[in-house]
Amino acid sequence: MPEVPAVPGVAGLIAAAEAAFDEGGALVRAVAGFEPRPAQREMAAAVAQTLAEGGTLLVEAGTGTGKTLAYLVPAILSRKRVLLSTGTKNLQEQIFFKDLPALRDALGVPFTATYMKGRGNYLCLHRFDSFRERPMFRSLDERVYLRAVEEWACETETGDRAELTDIPEDLAFWNDISATAEQCIGRECPHFQECFVTRMRQRAAESDVVIVNHHLLCADAAVRQSTFGEVIPECHVAIVDEAHQLEDVATQYFGFAVSTYRLDELARDTTRVVGGGVAFDAATARQLLDDTSRVSDASRHFFSQIEWMLRQGAPGSEERVRFTRKMAEQVWEPGLALVDALQALEATIRLAKDAPDDLLSAAGRAAEIRDQLGRLLRADDPEFVFFVELRGRPLRQAQGAPSASRGGVFLRAAPIDVSAVVRELLLDRMQATVLTSATLAVNGTFAYIRARLGVKGARELLLPSEFDFASQAVLYLPRTMPDPRSPGFLEAASEQVVELLRRSDGRAFVLFTSYAALRDVRARIEGRLPFPLLVQGSAPRSALLQQFRETAHAVLLATSSFWQGVDVVGDALSCVIIDKLPFTSPGDPITAARIEAVNAGGGNAFADYQVPLAILALKQGLGRLIRSRKDRGVLAILDPRLRTMGYGARFLASLPPAPVTHRLQDVERFFA
């Protein structure tokens with residue numbers, strides 16, 4: 001057995017981390033293509049100091065810094081268990097399958113690592129048994145897919161749904177067999193010991209590096225108060241990469257929601273248990289089925305009334321609409337009917353003799369939904385914003401009672417300010433925390449991210465990009481564009497897009513702040529260019545990216561989900577065009593509530609919240625272009641407010657230091 005190195009002190013850890021990045025250090029010798037970078041070495045030393053001394057470190061590491069290795073090396077050398085959270089599964093996979101194996105060879109330090117996904121990614125053996133006994137298929141194809149899942153379930157060691165490469169991503173019955181926290185019955189489960197989530201947690205508890213993503217990090221924290229459900233083992237050191245995404249993810253998980261999906265699942269699970277041969281007397285079984293049917297009927301009526309109400313008052317295409325006290329009053333009666341139905345179902349289950357654990361779990365779910373629905377109907381908690389979210393059920397259909405369309409309706413409550421909960425459930429629980437991203441600072445300060453995430457007393461490190469933007473890029477800002485709120489903006493934007501794409505030979509991302517703008521510009525430019533046009537929504541995101549990389553001169557038209565977490569290195573991407581400054585719509589319920597909160601607190605919401613948030617989003621979008629020292633390309637922003645409005649200077653000060661031009665001739669010369 002090799003001798004395990006002792007845990008180093010502060011000075012020793014800093015020195016060891018710096019030495020790994022030296023000209024003759026371990027990384028140069030063992031990692032293919034590694035080049036020493038001063039900023040990377042500086043970040044590694046700062047991370048090492050924080051891990052050894054404790055506290056919080058904020059690091060903005062510009063593109064090309066190599067921040068992943070800069071925090072992984074000191075994390076491994078520290079000999080502590082480190083919780084590493086990323087913004088995307090792609091980065092999780094890169095770290096686990098590429099970076100950590102390389103560092104294991106380079107550093108000569110023995111360590112173990114576990115890669116954890118959210119519970120919904122894993123097969124639940126108990127729910128799978130129940131489903132096979134009484135399958136509820138939505139199409140004939142699902143019978144074939146069930147056989148494939150049965151064969152895989154006998155062979156898999158992880159239960160990770162990603163292994164099912166021949167099964168559609170949107171397989172409907174996966175929700176009926178996955179290991180969700182709400183349906184989990186914990187240690188009472190007959191499959192608890194061989195459960196894939198249990199085994200994953202056991203591996204993580206024995207590992208030195210535990211790799212999660214922000215969704216699992218926040219979901220796990222949100223269920224920490226329950227008797228069972230959390231899967232991340234106790235860690236005292238955390239590194240949060242892509243930390244600019246943390247507020248949005250925390251907002252999603254530290255709220256609560258009642259939805260058509262959630263109630264449909266409760267009804268299906270209860271019906272399956274009652275009809276699955278449980279030894280109830282006939283009267284009890286009949287009462288349970290009647291109560292379940294009553295819940296389903298009340299749910300359909302309640303959510304139909306919400307949709308009908310929204311169509312009367314908001315015949316646009318909004319997907320999220322604020323839910324006010326006045327709106328709550330309009331659906332109060334059907335809401336109370338649903339509350340009563342849930343209470344009756346819970347009572348019947350509790351009174352049933354020898355009820356199985358699955359059914360008792362359903363009673364607990366019914367009680368939780370009932371309580372949360374009561375809070376949502378009151379819509380009076382000042383710390384939350386209440387809203388309705390529609391998925392696949394647009395409001396722009398003809399007015400009248402809604403048809404039974406596909407999609408779902410969610411009645412949600414989201415925290416207006418997550419700073420306290422992030423501080424309590426993450427920062428204060430850790431002895432040391434590193435928060436890093438390529439986009440954390442605004443105008444050279446961390447004041448914005450500190451306020452949004454509740455960070456106090458942190459060290460700060462602002463590292464510029466290692467790339468030479470003066471020679472690798474040009475920033476194009478056309479002079480003649482109309483105001484983006486004017487009717488002629490999209491026509492003018494379309495002309496600029498055509499001219500830029502002709503000069504770049506395609507090879508571009510055209511990023512929009514709305515689907516409406518994307519559709520309009522697409523209609524105007526389609527057929528005018530000889531380049532393959534790929535459009536978000538025509539295929540899964542990963543498939544579109546793969547197609548873009550493999551298709552010569554391709555052009556991708558996309559919205560917010562392609563502004564970050566996308567990496568295309570080389571000539572395939574040589575131009576990024578952005579239509580407007582990415583201000584979040586003030587009509588969005590969460591944005592509106594946060595604007596009100598900032599103003600009520602004596603701040604200036606536009607200057608203190610909306611502009612910084614838009615700057616970080618713009619930096620992310622532009623960051624898609626230059627991903628290596630060999631990349632070259634044009635950054636184009638078509639919004640004239642960069643020049644005409646006073647706040648434009650704040651945006652310009654935060655952009656990459658590329659030469660600015662207003663002339664298409666300079667763009668043509670750059671590509672030539």
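If you read the sequence from its start, that first residue is 1, and numbering goes on from there.
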Student: On a heavy-atom basis, which atom in Ser85 and which in Leu217 lie closest, and how many Å separate them?
Tutor: OG-CD2, 3.7 Å
Student: Looking at Phe256 versus Phe384, is the centre-to-centre ring distance below 6.0 Å?
Tutor: yes
Student: With side chains defined as the heavy atoms from C-beta onward, is the minimum distance between Leu84 and Val212 less than 4.5 Å?
Tutor: no
Student: Give the intermediate values and the outcome of salt bridge (charged side-chain N to carboxylate O under 4.0 Å, His left out) for residues Arg370 and Glu346.
Tutor: CA-CA 10 Å; Arg370 178 200 67 213; Glu346 181 200 1; 2.5 Å; yes
Student: For the pair His126 (side chain) and Phe192 (backbone), establish whether a donor and an acceptor sit closer than 3.5 Å, ignoring hydrogens and angles.
Tutor: no
Student: I'd like to check Asp264 versus Arg268 (side-chain heavy atoms, cut-off strictly below 4.5 Å). Are they in contact?
Tutor: yes
Student: For Met430, does its backbone N or O pair with a side-chain atom of Thr433 as donor and acceptor, under 3.5 Å?
Tutor: no
Student: Indicate the atoms forming the closest heavy-atom contact of Pro589 with Val321, along with that distance.
Tutor: CG-C, 3.9 Å
Student: Any chance you could measure His244, atom NE2, to Ser437, atom OG, to the nearest 0.5 Å?
Tutor: 4.5 Å
Student: Regarding Arg132 and the six-membered ring of Phe128, is the cationic atom NZ or CZ under 6.0 Å from the ring centre and inside 45° of its axis?
Tutor: yes
Student: Do you know which two heavy atoms are closest between Ala362 and Thr270, and how far apart they sit?
Tutor: CB-OG1, 3.7 Å
Student: Do the side chain of Asn213 and the main chain of Lys89 share a donor and acceptor less than 3.5 angstrom apart?
Tutor: no
Student: Once rounded to the nearest 0.5 Å, what's the spacing between atom CZ of Phe562 and atom CD of Gln620?
Tutor: 14.5 Å
Student: Asp220 side chain to Ile232 main-chain N or O, any donor-acceptor pair under 3.5 Å?
Tutor: yes
Student: Output every pair passing side chain to side chain donor-acceptor pair (under 3.5 Å) with a member in residues 150-161, not counting sequence neighbours, ordered by first then second residue.
Tutor: Lys117-Asp160, Trp152-Glu163, Thr156-Glu163, Thr158-Glu163
Student: Look only at the side chain of His214 and the backbone of Thr86, and say whether a donor-acceptor pair between them is shorter than 3.5 Å.
Tutor: yes
Student: I need the Leu336 CG to Leu373 CG distance, nearest 0.5 Å.
Tutor: 8.5 Å
Student: What are the two closest non-hydrogen atoms of Glu194 and Arg199, and how far apart are they?
Tutor: O-NH1, 3.3 Å
Student: Could you tell me if Asp291 and Thr348 have a donor-acceptor pair between their side chains, going purely by distance under 3.5 Å?
Tutor: yes
Student: Would a distance-only check, ignoring hydrogens and angles, find a side-chain to backbone donor-acceptor pair under 3.5 Å from Glu307 to Val409?
Tutor: no
Student: Assess whether side-chain contact (heavy atoms from CB on, under 4.5 Å) is satisfied between Asp269 and Arg365, documenting all intermediate values.
Tutor: CA-CA 11 Å; Asp269 291 345; Arg365 289 160 61 189; 3.0 Å; yes
Student: With side-chain contact (heavy atoms from CB on, under 4.5 Å) as the test, would you mind laying out the steps for Ile590 and Thr251 before giving the verdict?
Tutor: CA-CA 9 Å; Ile590 296 175; Thr251 300; 3.9 Å; yes
Student: Are Thr292 and Val274 packed together at the side-chain level, in the sense that at least one heavy-atom pair is separated by less than 4.5 angstrom?
Tutor: no
Student: Say whether, by atom type as modelled, one donor and one acceptor occur between the side chain of Arg391 and the main chain of Gly408 under 3.5 angstrom.
Tutor: no
Student: Can you name the closest pair of heavy atoms from Gln305 and Pro334 and give their distance?
Tutor: CG-CG, 4.1 Å
Student: With sequence neighbours left out, which residue pairs that include part of residues 244-255 fulfil the salt bridge (charged side-chain N to carboxylate O under 4.0 Å, His left out) condition?
Tutor: Glu247-Arg452, Glu247-Arg594
Student: For the residue pair Leu426 and Val240, establish whether any side-chain heavy-atom pair is separated by less than 4.5 Å.
Tutor: yes
Student: Can Gln372 and Arg262 be counted as having a side-chain donor-acceptor contact under 3.5 angstrom?
Tutor: yes
Student: Could you walk me through whether Leu216 and Met116 pass the side-chain contact (heavy atoms from CB on, under 4.5 Å) test, one step at a time?
Tutor: CA-CA 8 Å; Leu216 176 56; Met116 304 179 79; 3.8 Å; yes
Student: Measuring from Leu377:CG to Arg325:CZ, what's the distance to the nearest 0.5 Å?
Tutor: 10.5 Å
Student: Could you check whether Ser419 and Asp417, counting side-chain N and O atoms only, form a donor-acceptor pair closer than 3.5 Å?
Tutor: yes
Student: For Glu333, does the CD atom have more than 12 heavy-atom neighbours from other residues, nucleotides or ligands under 6.0 Å away?
Tutor: no
Student: How many angstroms lie between CZ in Phe96 and CG in Leu91, if you round to the nearest 0.5 Å?
Tutor: 14.0 Å
Student: Closer than 3.5 angstrom, by distance alone: can the side chain of Asp588 be matched with the main-chain N or O of Ser585 as a donor-acceptor pair?
Tutor: no
Student: Can you name the closest pair of heavy atoms from Glu389 and Arg412 and give their distance?
Tutor: OE1-NE, 2.7 Å
Student: Would a 4.5 Å heavy-atom cut-off, applied to side chains only, mark Phe131 and Leu146 as touching?
Tutor: yes
Student: Output, in order, the C-alpha distance, side-chain angles, deciding distance and verdict of side-chain contact (heavy atoms from CB on, under 4.5 Å) for Gln252 and His215.
Tutor: CA-CA 9 Å; Gln252 178 181 343; His215 288 271; 3.7 Å; yes
Student: Side-chain contact test, heavy atoms from C-beta onward, threshold under 4.5 Å: evaluate it for Thr180 versus Arg127 and give yes or no.
Tutor: yes
Student: A cation-pi test, strictly: NZ or CZ of Arg322 under 6.0 Å from the centre of the six-membered ring of Phe386 and no more than 45 degrees from its axis. Yes or no?
Tutor: no
Student: Describe, in one word, how the ring planes of Phe97 and Tyr115 are oriented to each other, choosing from parallel (under 30°), tilted (30 to 60°) and perpendicular (over 60°).
Tutor: perpendicular
Student: Under a 3.5 Å distance rule, please check whether Gln610 uses its side chain to pair with a backbone N or O of Thr584 as donor and acceptor.
Tutor: no
Student: Could you give the distance from CD (Glu368) to CG (Leu342), rounded to the nearest 0.5 Å?
Tutor: 11.5 Å
Student: Can you confirm if the aromatic rings of Phe173 and Tyr145 lie within a centre distance of less than 6.0 Å?
Tutor: no
Student: For atom CG of Asp380, is the number of surrounding heavy atoms from other residues, nucleotides or ligands below 6.0 Å larger than 12?
Tutor: yes
Student: Is any side-chain heavy atom of Val210 closer than 4.5 Å to a side-chain heavy atom of Pro233?
Tutor: yes
Student: Could you check whether any side-chain heavy atom of Phe410 comes within less than 4.5 Å of a side-chain heavy atom of Val388, counting everything from C-beta outward?
Tutor: no
Student: Does any N or O in the side chain of Arg119 come within less than 3.5 Å of the main-chain N or O of Val197, such that one atom is a donor and the other an acceptor?
Tutor: no
Student: Which residues pass the side-chain hydrogen bond (donor to acceptor under 3.5 Å, both in side chains) test with Glu242, not counting sequence neighbours?
Tutor: none
